[in-house]
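Notes to accompany the following structure.
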Amino acid sequence: MPYNKLINFPIWQGQEGEGRCQISLILMDTGNGINGLLTGGGKPHVGGVVLALPRPSLSGKGWSADIFITPVPGHKDVDVARTVADTLARELQCSVVITAGIHSDNLNPEELGQIVLHCATLTQAALASFNAKG
């Protein structure tokens, strides 16, 4: 298991967007990894779980992560959760679990793009907050 870089980072919370495209991310340092909740839209719920386990990259440069995905049948929340978990695991070099549930009825492609962007923005904001404390 990689060295846990998460000292003095107990809980981080952020929110992006508004209305049916609003996304919330809560991250908790368990002492040996991150447990996160990614929800949003008009009907937040549990749509799936992603586990990312960091490891040295097979190329020998940097870090990668092995990803394990368990979606609730018919849900695609794990698509954005996968990106969030993978990014955090690689950057923080610790295990990351993200439970995700984002839903609003009849989203158009532009709104879906906004949701994906909000998830990425929240991930980068969490990393910036961690790096400022580190």
Side-chain angles (χ1 to χ4, degrees):
M1 177 55 95
Y3 170 73
N4 184 0
K5 299 166 75 176
L6 297 174
I7 298 169
N8 299 320
F9 184 55
I11 295 178
W12 182 89
Q13 250 178 260
Q15 196 168 65
E16 280 289 318
E18 55 188 47
R20 20 191 286 123
C21 295
Q22 187 175 65
I23 303 297
S24 297
L25 177 62
I26 301 169
L27 301 174
M28 174 187 272
D29 177 9
T30 67
N32 194 21
I34 295 287
N35 190 349
L37 180 62
L38 180 67
T39 59
K43 299 178 183 177
H45 60 286
V46 174
V49 178
V50 175
L51 169 64
L53 302 174
R55 61 169 171 74
S57 174
L58 297 176
S59 71
K61 297 177 184 175
W63 287 84
S64 188
D66 292 323
I67 309 294
F68 302 88
I69 300 171
T70 306
V72 171
H75 289 250
K76 295 185 179 182
D77 317 88
V78 292
D79 292 347
V80 287
R82 181 188 202 285
T83 302
V84 172
D86 179 56
T87 301
L88 293 173
R90 285 185 293 104
E91 294 294 325
L92 300 176
Q93 297 173 13
C94 68
S95 301
V96 176
V97 172
I98 301 291
T99 301
I102 302 167
H103 182 85
S104 285
D105 290 332
N106 303 313
L107 289 169
N108 64 46
E110 181 182 320
E111 291 170 314
L112 287 171
Q114 287 177 9
I115 288 171
V116 170
L117 181 61
H118 294 330
C119 292
T121 299
L122 286 167
T123 303
Q124 292 306 311
L127 288 171
S129 177
F130 164 73
N131 289 329
K133 292 179 182 181

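Just so you know, these numbers come straight off a predicted model, no measurement behind them. Each residue takes its place number in the sequence, starting with 1.
- The distance from atom OG1 of Thr121 to atom CG of Leu25, rounded to the nearest 0.5 Å, is 11.5 Å.
- How far CZ of Arg90 is from CG of Leu127: 9.5 Å, rounded to the nearest 0.5 Å.
- Looking at residues two or more places apart in sequence or on another chain, you find a side chain to side chain contact (heavy atoms under 4.5 Å, CB included) between Asn108 and Glu110, Glu111.
- Cluster membership check: Leu107 shares its hydrophobic cluster with Leu122, using side-chain heavy-atom separations under 4.5 Å among Ile, Leu, Val, Met, Phe, Trp and Tyr.
- Note on ring orientation: taking the six-membered ring where Trp is involved, the planes of His103 and His45 are perpendicular (angle over 60°, cut-offs 30° and 60°).
- Checked by atom type and distance alone, the side chain of Thr87 pairs as donor or acceptor with a backbone atom of Thr83 at under 3.5 Å.
- Following chains of ILVMFWY side-chain contacts shorter than 4.5 Å, one can reach Val116 starting from Leu112, so the two form part of one hydrophobic cluster.
- For Asp79, the salt bridge (Lys or Arg N to Asp or Glu O under 4.0 Å) test picks out no residue, with sequence neighbours left out.
- Once rounded to the nearest 0.5 Å, the distance linking CG of Leu51 with CD1 of Ile98 reads 10.5 Å.
- Remark: Ile102 CD1 to His118 NE2 distance equals 10.5 Å, nearest 0.5 Å.
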Please step through side-chain contact (heavy atoms from CB on, under 4.5 Å) for the pair Ser57 and Trp63, ending with a clear verdict.
-> CA-CA 5 Å; Ser57 174; Trp63 287 84; 6.0 Å; no
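- Considering all non-hydrogen atoms of both residues, Ala52 and Ala65 come closest at CB-CB, 4.4 Å.
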Intermediate values then yes/no, side-chain contact (heavy atoms from CB on, under 4.5 Å), Lys43 and Asp105 = CA-CA 8 Å; Lys43 299 178 183 177; Asp105 290 332; 3.0 Å; yes
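- Note that SG of Cys21 and CD of Glu16 are 12.0 Å apart. Values are rounded to the nearest 0.5 Å.
- Results of the side chain to side chain contact (heavy atoms under 4.5 Å, CB included) test with Thr99 over Asp77, Val49, Val78 single out Val49 as the only residue that passes.
- The two residues Ser95 and Leu53 come nearest to each other via the heavy atoms OG-CD2, 3.3 Å.
- For Cys119 against Thr123, the heavy-atom pair with the smallest separation is O-OG1, 2.8 Å.
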Check: residues 34-41 side-chain donor-acceptor pairs under 3.5 Å, at least two apart:
none

Where do Ile23 and Gln15 land on the side-chain contact (heavy atoms from CB on, under 4.5 Å) test, with the steps shown first?
-> CA-CA 6 Å; Ile23 303 297; Gln15 196 168 65; over 6 Å; no
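- To the nearest 0.5 Å, atoms OG (Ser129) and CG (Leu27) are separated by 9.5 Å.
- Under the 4.5 Å side-chain contact rule for hydrophobic residues, Leu117 and Val80 do not share a cluster.
- The two residues Asp29 and Gly33 come nearest to each other via the heavy atoms OD1-O, 3.3 Å.
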Given Leu92 and Phe130, is the side-chain contact (heavy atoms from CB on, under 4.5 Å) satisfied, shown in steps?
-> CA-CA 9 Å; Leu92 300 176; Phe130 164 73; 3.3 Å; yes
